[in-house]
Each structure stands twice: as C-alpha cells, then as structure tokens.
Amino acid sequence: MRRKITVFTGAGVSADSGIQTFRDAGGLWENFRIEEVATPEAFAENPKKVLDFYNRRFEQLKEVEPNAAHHAIAELEKHFEVVVITQNVDNLHERAGSSRIIHLHGELSKCRSTYNPGKLYPMPPQGLKPGDLAPDGGQLRPHIVWFGELVPAMDEAAEAMLGSDYLMIVGTSLQVYPAAGLAYMADPSCRILLVDPAEAPSDLINRLKHYQYKAAIGVPKCVEDLLEGRLHG
Ligand code: APR
C-alpha cells in the first residue's frame, strides 16, 4: 500500500522559474491593485484592462520552465500516491509531469464564457480582448477565480487530502481563504512538511518540519528525505 502525499503549493513554488509571487517585495500586488485587475467588478468596469493583465501573465508562460521543485514533486509519483493542490494558475506542475493536479484558483491557459463557468476553452494564443465571444455569445474571460468569487474546487481538494500521510506545503503565505484553510485540514496523524524561505506560521510551527529554503533547493531536499525513509509519517 503506497503512502499518500498531498502537495499544497502557492506562488513560491514558481518563483524560482521567474514568475513573480504576489506579496513578497516586488510582488505582483505591488504593481497592480487587486481591485483593478482581479475582481468581477473590475472586469465589468474595464474588461480590456483585466484581459490585458491576464494576457501578459499567459504570455509569460512561454518564457518560463518548471524548476527543480516542480520536477521533484512530479518524481514523488514513482513512490507515493500524490495529489497536487495548487493556488497557482501557471502550468508548470503539468509541464514537470505531475499527473493529479487540482487548480483552486483556475488556469491561465484556459478561458470560459461569462454565461457558463462550466465549459472551458483553450486560451487563444493571442489572448483575449473585449468582443471575443464564446459560442454561446458570452464574452470570453480567463478561467481564473477572482477575489470575491467562489472556489469551486475546494470540496474536491478537501476530499483529495483525506488519508494523506504527509502534507507538503510549498511557497504560500496562507493569506487567502478558503484555499489557505487546507493547511489546517490535515488529519492529526498527517506529517506536515513546509518548504518556504520565510518563517513558519506560528500556529503550525509546532507540528511541522520546516525546510527553510527556496523551493528549488528545499523541495528536492524534502523529497530526498521522504524517498530515503527519513520522515516517518
Ligand atoms: N521558494 C519558495 N517559497 C518562496 C520563494 C521561493 N523562491 N519566494 C517566496 N516564497 C514564499 C513566500 O515566503 C510566501 O510564503 O512564497 C509565498 C508567496 O506568498 P504569496 O505571494 O501570498 O502567494 P500565495 O500564497 O500563492 O497567494 C495566494 O493570493 O493573490 C492571490 O490568487 C492569488 O493564488 C494566489 C493567492
């Protein structure tokens, strides 16, 4: 019976690939106001500004590669049952080879009609502009969960975590709910492993093992400890 690992990632896992995080120095929210680019109201008010913001982030996917952290996480699948639950909207876990990924906040590479959140289309290579309509006549929008919108994958994520022997948390400030709540849903018997250069959250510090490194260094270290049997669940 293979042991089970849930890997819960945030922007920090992609930082070493050159994708900005949100709340670190120089982060995305230092240059853009959430209210102007990442809410349904912003999209209604100024669709072109919002679409251009996501077009630029989608465009950046062509210039970045998965880093050693994404690859080490994919490697785990050879020895463990793995589910990756990510807050990230990039496609680097997919490109590194992880096969079971739940995107809590959507995906830059997909879009949908404003009339039907359930039907997804690939993002056109040139991105979206006002007037680009879905077959149902609705304006196409990024398949991204904006602030104030529901996180439809939360139940699936909480369900997927059940029975995990390990919860590896990589590169998230745990500031945004309900996603951050997953860090507190681990069964009492589940061993929590944290990879983040910042200090561990005070309310979790006593029950986790902290790899206080950048993800590209810390995740391979953590995975090696797991594969060498140095971290008994
Ligand atoms: N390696 C690992 N972790 C890193 C690195 C790195 N190289 N650089 C920064 N970090 C850590 C930071 O210490 C912090 O804990 O990554 C985390 C980044 O936090 P945020 O920028 O808040 O990103 P995240 O937690 O993913 O944000 C959650 O907020 O804006 C919304 O929808 C957006 O999904 C995002 C959500």
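Excluded from the calculations below are hydrogen atoms, water molecules and symmetry mates; all remaining heavy atoms, backbone and side chain alike, are included.
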Could you check whether any side-chain heavy atom of [X] comes within less than 4.5 Å of a side-chain heavy atom of [Y], counting everything from C-beta outward?
X: Val7; Y: Leu76; result: yes
X: Ser164; Y: Cys190; result: yes
X: Arg95; Y: Glu65; result: yes
X: Gln139; Y: Tyr115; result: no
X: Arg191; Y: Lys209; result: yes
X: Tyr211; Y: Leu194; result: no
X: Val37; Y: Phe43; result: no
X: Phe8; Y: Met168; result: no

**Request:** Give a yes or no on this: more than 12 heavy atoms of other residues, nucleotides or ligands lie within 6.0 Å of atom CG of Leu208.
**Result:**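 Yes, CG of Leu208 has more than 12 neighbouring heavy atoms, counting only those of other groups under 6.0 Å.
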**Prompt:** Is it the case that more than 12 heavy atoms not belonging to Glu45 sit under 6.0 Å from its CD atom?
**Reply:**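 12 or below, so no.
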Check the hydrophobic clustering (I, L, V, M, F, W, Y; side-chain heavy atoms under 4.5 Å; chains of links allowed) and say if [X] and [Y] are grouped together.
X: Ile217; Y: Leu227; result: yes
X: Ile101; Y: Val223; result: yes
X: Phe58; Y: Leu120; result: no
X: Val170; Y: Ile5; result: yes
X: Leu193; Y: Leu182; result: no

So how far is it from [X] [atom1] to [Y] [atom2], rounded to the nearest 0.5 Å?
X: Glu35; Y: Glu41; atom1: CD; atom2: CD; answer: 10.0 Å
X: Asp90; Y: Ser109; atom1: CG; atom2: OG; answer: 9.5 Å
X: His210; Y: Ile169; atom1: NE2; atom2: CD1; answer: 10.0 Å
X: Glu107; Y: Asn91; atom1: CD; atom2: CG; answer: 8.5 Å
X: Ile205; Y: Ile192; atom1: CD1; atom2: CD1; answer: 12.0 Å
X: Trp146; Y: Thr39; atom1: CH2; atom2: OG1; answer: 8.0 Å

For [X] and [Y], which heavy atoms make the closest approach, and how far apart are they?
X: His70; Y: Ser17; value: CE1-OG, 3.7 Å
X: Val176; Y: His105; value: CG1-CE1, 4.3 Å
X: Val145; Y: Leu104; value: CG2-O, 3.5 Å
X: Pro40; Y: Phe147; value: CD-O, 3.4 Å
X: Leu140; Y: Leu51; value: O-CD2, 4.1 Å
X: Pro188; Y: Arg207; value: O-NH2, 3.6 Å

Under 3.5 Å, sequence neighbours excluded: what are the donor-acceptor pairs made by side chains of residues 128-137?
{"from": "Lys129", "atom 1": "NZ", "to": "Asp132", "atom 2": "OD1", "distance (Å)": "2.9"}
{"from": "Asp132", "atom 1": "OD2", "to": "Lys129", "atom 2": "N", "distance (Å)": "2.8"}
{"from": "Asp136", "atom 1": "OD1", "to": "Ser113", "atom 2": "OG", "distance (Å)": "2.8"}
{"from": "Asp136", "atom 1": "OD1", "to": "Gly138", "atom 2": "N", "distance (Å)": "2.8"}
{"from": "Asp136", "atom 1": "OD2", "to": "Ser113", "atom 2": "OG", "distance (Å)": "2.9"}

**Asked** Charged N to carboxylate O under 4.0 angstrom, Glu77 versus Arg100?
**Response**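 Arg100 and Glu77: not salt-bridged.
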**Message:** Using a strict threshold of under 4.0 Å (side-chain N to carboxylate O), is an ion pair present between Lys4 and Asp165?
**Reply:**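 Result for this pair is no, no salt bridge flagged.
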**Prompt:** Passes side chain to side chain contact (heavy atoms under 4.5 Å, CB included), Thr21 versus Leu28? Steps please.
**Reply:** CA-CA 6 Å; Thr21 62; Leu28 208 58; over 6 Å; no
Determine whether a donor-acceptor pair (N or O, by modelled atom type, separation under 3.5 Å) exists between the side chain of [X] and the backbone of [Y].
X: Asp225; Y: Leu231; answer: no
X: Asp187; Y: Ser189; answer: no
X: Arg141; Y: Ile144; answer: yes
X: Glu30; Y: Gly26; answer: yes
X: Thr172; Y: Leu174; answer: yes
X: His103; Y: Asn88; answer: yes
X: Asn46; Y: Lys49; answer: yes

**Message:** side chain to side chain contact (heavy atoms under 4.5 Å, CB included) for His143 and Met123? Distances and angles first, verdict last.
**Reply:** CA-CA 9 Å; His143 174 53; Met123 179 65 91; over 6 Å; no
Name each donor-acceptor pair under 3.5 Å that joins a side chain in residues 153-162 to protein atoms two or more places apart or in another chain, with its distance.
none

**Asked** Given Lys221 and Tyr213, is the side chain to side chain contact (heavy atoms under 4.5 Å, CB included) satisfied, shown in steps?
**Response** CA-CA 9 Å; Lys221 274 181 182 292; Tyr213 303 92; 3.6 Å; yes
**Item:** Parallel, tilted or perpendicular: ring planes of Tyr184 versus Tyr177, cut at 30 and 60 degrees
**Value:**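 If you compare the ring of Tyr184 with that of Tyr177, the planes turn out parallel.
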**Request:** Among Arg57, Lys62, Arg56, find the residue that satisfies the salt bridge (charged side-chain N to carboxylate O under 4.0 Å, His left out) test when tested with Glu59.
**Result:**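 With Glu59 as partner, Arg57, Lys62, Arg56 yield a single salt bridge (charged side-chain N to carboxylate O under 4.0 Å, His left out), made by Lys62.
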**Prompt:** With a distance cut-off below 6.0 Å to the six-membered ring centre and an angular limit of 45° from the axis, does Lys119 pair with Tyr121 as a cation-pi contact?
**Reply:**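 Yes, a cation-pi geometry holds between Lys119 and Tyr121.
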**Message:** Testing the 3.5 Å rule here: is there a donor-acceptor pair between the side chains of Glu199 and Gln212?
**Reply:**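 Side-chain D/A pair, Glu199 to Gln212: present.
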**Donor on one side chain, acceptor on other, Arg3 and Tyr166, under 3.5 Å** =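 Indeed, the side chains of Arg3 and Tyr166 share at least one donor-acceptor pair under 3.5 Å.
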